[in-house]
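Remember, predicted model here, so these are calculated numbers, not experimental data.
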Amino acid sequence: MRQAAGRLLIGLLSILAADPASALDTRLLPERPSYSRSRGCTEAAVALPARRATHPLDGRISPDPARSPMSQGDSAICFAYATADMISQRVGVTVSALDVATRYYFADPAGLFHSRDRALRKYLNTHPDLTKDIAESRNDTEASKERNPLRKPFFDKLEDGQEEAAALLYNLGGLCPDRDLPSFDGYGQHLRTLSALRWRSRLAPKMSWRSLGGTVERLRDPATDAFNAGWIAHVERRCRRQPLPVPLLPVSESIADNQLDFMERAKAGDPDLAAGSERLMAMIDYALDHGRLPVVGYSWYVLEERDPKDPDLAADHSSPILARRKVGGRCRYHLQDNTGEYCARMRPGIRERCEFGRVWLDEAELRASLYSVIYLR
């Protein structure tokens with residue numbers, strides 16, 4: 001009996017070693033925990049699943065894409081890349097950031113209410129305005145005018161998004177591994193597909209596309225509907241979807257609507273800002289201490305100096321926090337940047353603490369522009 005039990009234990013350990021996702025923590029953290037700071041800034045870290053090589057130049061250029069954060073390339077959807085990292089850490093599979101973005105912009109939130117998952121249904125019951133909130137976040141979407149002077153809502157021209165809504169909508173339809181729909185370099189690996197869709201959509205009939213029926217009017221246009229429907233169809237052809245091993249239930253808090261609002265409140269000496277900032281730091285500590293990847297909203301100018309000619313005064317950005325440690329008596333947080341800028345162009349002093357786009361920031365540097373935190377239960 002002992003020998004049989006021993007063989008069984010060895011077999012289970014072998015399975016877990018071969019497939020880390022099988023060791024996934026399926027427990028859910030409480031929705032409203034009591035947050036407190038880490039005493040003494042003890043070391044803590046969470047690991048993202050190993051990313052399979054998907055870029056044509058993996059291993060052939062420096063910095064090596066295979067060792068780097070998932071680069072968003074020329075896209076302006078940092079929220080999708082940060083959310084994809086957060087989801088990947090939770091489910092043990094590297095999910096496609098482009099699939100996260102596609103789901104965020106176009107998926108029908110009504111599908112969430114058909115879920116059989118008890119935890120998700122409970123979450124929905126306690127958030128009765130969810131559909132309205134998702135619509136409001138989608139209605140804040142802008143379209144780039146680069147090669148798109150009329151700012152039409154083509155998928156690959158859409159900018160900005162909201163991490164909480166993106167995570168919730170990813171409960172629909174199953175996850176898409178990044179190897180099926182590679183996201184490294186943004187749209188760079190899909191330029192041929194996007195070009196073909198743009199050409200074909202000019203001749204497509206003006207019709208009501210079922211795949212776009214769940215989004216908002218702001219993202220509908222006779223000039224783009226066929227293109228966006230074609231992209232959604234392309235995503236579904238490429239993605240060999242897998243069921244989610246756990247429901248994606250976000251916990252989020254913000255002390256400002258965006259970075260510009262944060263800057264205005266700080267300039268006005270808002271007395272609630274300091275207490276709010278301390279609570280956000282406590283949320284980051286809590287997530288790291290409980291094996292979750294927190295994502296923060298902050299300013300890109302923490303990492304790179306603003307070009308005086310750049311009209312963007314705030315530079316809202318979204319990034320995951322990978323770890324915490326104490327160095328020289330100061331608490332530091334390991335932030336992962338997905339812009340693809342890596343380290344060379346970062347500020348002096350920051351640059352020296354950066355490796356492959358991952359930066360150790362002093363707590364004061366992070367708090368200087370921190371306005372939101374989100375993690376998954």
> Of the non-hydrogen atoms in Arg351 and Cys343, which two are nearest, and what is the gap between them?
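Looking at all heavy atoms of both residues, the closest pair is CG-O, 3.3 Å.
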> Using atom types as modelled and distance alone, determine if a side-chain donor or acceptor of Glu304 lies under 3.5 Å from a backbone N or O of Tyr301.
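Not at all, since once roles are kept as given, no pair shorter than 3.5 Å links the two residues.
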> Is the shortest side-chain N to carboxylate O distance from Lys309 to Asp307 below 4.0 Å?
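Salt bridge between Lys309 and Asp307, a charged N being under 4.0 Å from a carboxylate O: no.
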> Strictly distance-based, threshold 3.5 Å: is any side-chain N or O of Gln259 a donor or acceptor partner for the main-chain N or O of Ser369?
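It does hold such a pair.
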> For the residue pair Phe262 and Tyr371, categorise the inter-ring angle as parallel (less than 30°), tilted (30 to 60°) or perpendicular (more than 60°).
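Rings of Phe262 and Tyr371: tilted, as their planes differ by 30° to 60°.
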> Quick check: does any side chain N or O of Asp140 sit under 3.5 Å from a backbone N or O of Asp160, one acting as donor and the other as acceptor?
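Answer holds: no.
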> Which value, rounded to the nearest 0.5 Å, describes the distance between Leu370 atom CG and Ser277 atom OG?
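Going from the CG atom of Leu370 to the OG atom of Ser277 covers 5.5 Å.
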> Using the ring of each side chain (for Trp, its six-membered ring), is Phe227 parallel, tilted or perpendicular to Phe154, with breaks at 30° and 60°?
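It falls in the perpendicular class, over 60°.
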> To the nearest 0.5 Å, what is the distance between CD on Glu159 and CZ on Phe79?
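Here the rounded value is 11.0 Å.
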> Should the pair Trp231 and Phe155 be assigned to parallel (<30°), tilted (30 to 60°) or perpendicular (>60°) ring geometry?
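Ring orientation, 0 to 90° scale: parallel.
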> Do Leu335 and Val296 pass the side chain to side chain contact (heavy atoms under 4.5 Å, CB included) test, and can you show the C-alpha distance, the side-chain angles, and the key distance before you say yes or no?
CA-CA 9 Å; Leu335 179 143; Val296 297; 4.3 Å; yes
> Any heavy-atom pair between the side chains of Leu212 and Ile232 that's under 4.5 Å?
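Yes, at least one pair of side-chain atoms sits under 4.5 Å.
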> Answer yes or no: does atom CD of Glu43 have more than 12 heavy-atom neighbours from other residues, nucleotides or ligands under 6.0 Å?
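Count not over threshold, so no.
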> Is the count of non-hydrogen atoms from other residues, nucleotides or ligands lying under 6.0 Å from Lys132 atom NZ greater than 12?
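Atom NZ in Lys132 is not crowded, with 12 or fewer foreign heavy atoms closer than 6.0 Å.
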> Report yes if some heavy atom in the side chain of Arg220 is under 4.5 Å from a heavy atom in the side chain of Asp225; otherwise report no.
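Yes, close enough: below the 4.5 Å cut-off.
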> Does any part of the side chain of Glu363, heavy atoms only, come nearer than 4.5 Å to the side chain of Arg37, both counted from C-beta?
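Counting from C-beta outward, Arg37 and Glu363 do come under 4.5 Å.
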> Salt bridge or not between Asp156 and Arg147? Use side-chain N to carboxylate O under 4.0 Å.
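No, Asp156 and Arg147 are not salt-bridged.
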> Answer yes or no: is there a side-chain heavy-atom contact under 4.5 Å between Tyr104 and Ile77?
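No, too far: nothing below the 4.5 Å cut-off.
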> Taking the side chain from Arg121 and the backbone from Ser115, do they hold a donor-acceptor pair closer than 3.5 Å?
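Checking the backbone N and O of Ser115 against the side chain of Arg121, a donor-acceptor pair under 3.5 Å is found.
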> Are the charged groups of Arg265 and Asp272 less than 4.0 angstrom apart, N to O?
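No, this pair does not count.
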> Within a strict 4.5 Å, meaning less than it, do heavy atoms of the Tyr333 and Asp285 side chains meet?
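They are in side-chain contact.
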> Are Met281 and Arg367 close enough that some pair of their side-chain heavy atoms sits under 4.5 Å apart?
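Yes, close enough: below the 4.5 Å cut-off.
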> Does Arg324 reach the side chain of Thr42, with side-chain heavy atoms less than 4.5 Å apart?
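Yes, at least one pair of side-chain atoms sits under 4.5 Å.
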> One thing to verify: whether Glu142 and Arg218 come together as a salt bridge, which I'm taking to mean a side-chain N less than 4.0 angstrom from a carboxylate O.
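Answer for the salt bridge query: yes.
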> Out of curiosity, Glu136 CD to Thr131 OG1, how far, rounded to the nearest 0.5 Å?
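With rounding to 0.5 Å, CD (Glu136) is 11.5 Å from OG1 (Thr131).
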> Any donor and acceptor pair, going by atom type alone, linking the side chain of Ser96 with main-chain N or O of Pro177 inside 3.5 Å?
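No, the answer is negative, given that no donor and acceptor are paired below the 3.5 Å cut-off.
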> Measure the spacing between CZ of Arg325 and SG of Cys41 and express it to the nearest 0.5 Å.
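One finds 10.0 Å between CZ of Arg325 and SG of Cys41.
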> Is the number of heavy atoms from other residues, nucleotides or ligands under 6.0 Å of Asp261 CG greater than 12?
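Buried by this count: over 12 neighbours within 6.0 Å.
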> Could you check whether Arg241 pairs with Glu236 (Lys NZ or Arg NE/NH1/NH2 to Asp/Glu carboxylate O, under 4.0 Å)?
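Glu236 and Arg241: salt-bridged.
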> Main chain of Ala275, side chain of Arg279: is a donor-acceptor contact present, judged purely on distance under 3.5 Å?
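No, because the side chain of Arg279 does not come within donor-acceptor range (under 3.5 Å) of the backbone of Ala275.
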> Would a 4.5 Å heavy-atom cut-off, applied to side chains only, mark Glu365 and Ile350 as touching?
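Yes, their side chains come closer than 4.5 Å.
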> Indicate yes or no for a side-chain donor-acceptor contact from Ser183 to the backbone of Leu98 under 3.5 Å, with no hydrogens or angles considered.
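Confirmed, Ser183 side chain pairs with Leu98 backbone.
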